[in-house]
Amino acid sequence: MENFINENKKKQIAILGSTGSIGTQALEVIAENNSIFEIYALTANNNVNLLIEQARKFKPEMVAIGNEDHYQMLKSALSDLPIKVFAGIESIAQVAEMQPIDLVLTAMVGYSGLKPTINAIKAGKKIALANKETLVVAGELICDLAANYNAPIIPVDSEHSAIFQCLAGEGNNPIEKLILTASGGPFRTKSIQELENVTSAQALKHPNWDMGAKITIDSASMMNKGFEIIEAKWLFGVTPDQIQVVVHPQSIIHSMVQFADGSIKAQLGLPDMKLPIQYALTYPERLKTNFPRFDFSVCSQFTFEEPDLERFRNLELAYYAMDKGGNMPCILNAANEIVVSEFLKDKIGFLQMSEIIENVMAKADYIAKPTYDDYVKTDALVRILTKELIK
Ligand code: MN3
């Protein structure tokens, strides 16, 4: 593969979702390596103040804000700079396909990542994929498009980056199994009785990773790991029975690959998303960083546990959705987005989230071979159905 980094021509980067946790960390990585990378476009959904600040600092060609109410504010705050300003969800998808862009980092939250990712793939862009919901909702469609349009997808999710790194140099050596590690989240040791009463504030305190609110709740409920199983299936072309989840509370082993000869390769490091973000930006090369290094004398023990499917039902629901295929993972995702937002408002309990999702999965219309329009329709209908069941 041709080296991606070329000091004579800076790589043009678009960050979709630049004000979120991944987006802001990606900008730190890019600021550190500004002789290699240049920001071409930044987009955000709602956080207009931070988007203005980022645009003034990185001076992209263009910015887009999803929420059109913020257009005037964004436009006037940047009026002294030659930055094109757009607003509306559709404009974010259009920004993703702009000709000069070399790489699109998809770091939006949830289903909203689907359309812009499709556009970027159709424009043949290299994709650094942080928005896992894109693959959960429409993995088959995305992978077919990526193959047809020659758009490489490089995972940013730490587990998938780990697997991707383990596979580097392995050619077509057969994978026997992928072993996804899970921290277990803040509720790993809580009993089912205790889980009845945990609050969103408790769920937002993740022991190892500092992330956005939605993914932190998904981590506490293990839905995040459920999504990651589905993400792994599509990224690495394995079958569901080739994906195993192991709870590893220290979050130092980010995931592993077991090959046909029984050999297991693992990727290790401190839990810091800047590493997988940077690897996705510089792949297949590695750049020097000043991130803190893992120290074996400080962490003397790695432990492993089986995930508990009784307390964390979501993992089982995700396996079911993956086996069932069609629009079932899309149903799973839409129901989850609604229950998470209701849990964050303390409108429903922690365990209720899985109960409601399971109920929605039983009631929603199943489509075995969905088109893009079917996904759009499924997402919209399932959101309504889930809200009705919560009332
Ligand atoms: Mn992850």
Practice task
Please step through side chain to side chain contact (heavy atoms under 4.5 Å, CB included) for the pair R311 and M222, ending with a clear verdict.
Solution key: CA-CA 10 Å; R311 286 181 303 138; M222 295 284 272; over 6 Å; no
Handout entry: D218 and K214 ion-paired at < 4.0 Å
Key = yes
Exercise for the section: Check whether any side-chain heavy atom of F259 lies under 4.5 Å from a side-chain heavy atom of V257, and answer yes or no. Expected result: yes
Practice task
Count the heavy atoms belonging to other residues, nucleotides or ligands that lie under 6.0 Å from CD of Q242, then report whether that count exceeds 12.
Solution key: yes
Handout entry: Short side-chain to backbone donor-acceptor contact, E97 and V95, under 3.5 Å
Key = no
Under 3.5 Å, which donor-acceptor pairs link side chains of residues 315-326 to any protein atom two or more places apart or in another chain?
| from | atom 1 | to | atom 2 | distance (Å) |
| --- | --- | --- | --- | --- |
| E316 | OE1 | R313 | NH1 | 2.7 |
| Y319 | OH | I243 | O | 2.8 |

Problem - Within-4.5 Å side-chain heavy-atom neighbours: K377 and I367 - result: no
Practice task
Write down the atom of Q250, the atom of C299, and the distance for their closest heavy-atom approach.
Solution key: CG-SG, 4.3 Å
Exercise for the section: Taking atom CG of D365 as the centre, report whether more than 12 heavy atoms of other residues, nucleotides or ligands fall under 6.0 Å from it. Expected result: no
Exercise for the section: Give the intermediate values and the outcome of side chain to side chain donor-acceptor pair (under 3.5 Å) for residues Q94 and S91. Expected result: CA-CA 5 Å; Q94 283 163 5; S91 75; over 6 Å; no
Exercise for the section: Could you label the plane-to-plane angle of the F164 and Y279 rings as parallel, tilted or perpendicular, counting under 30° as parallel and over 60° as perpendicular? Expected result: perpendicular
Exercise for the section: Using the side chain to side chain contact (heavy atoms under 4.5 Å, CB included) rule, pick out the option among V104, N45, T117 that qualifies with L16. Expected result: V104
Handout entry: Working for side chain to side chain donor-acceptor pair (under 3.5 Å), residues N327 and T378
Key = CA-CA 7 Å; N327 67 339; T378 298; 3.2 Å; yes
Exercise for the section: State plainly whether one hydrophobic cluster holds both I356 and F343, where clusters connect Ile, Leu, Val, Met, Phe, Trp and Tyr through side-chain heavy atoms under 4.5 angstrom apart. Expected result: yes
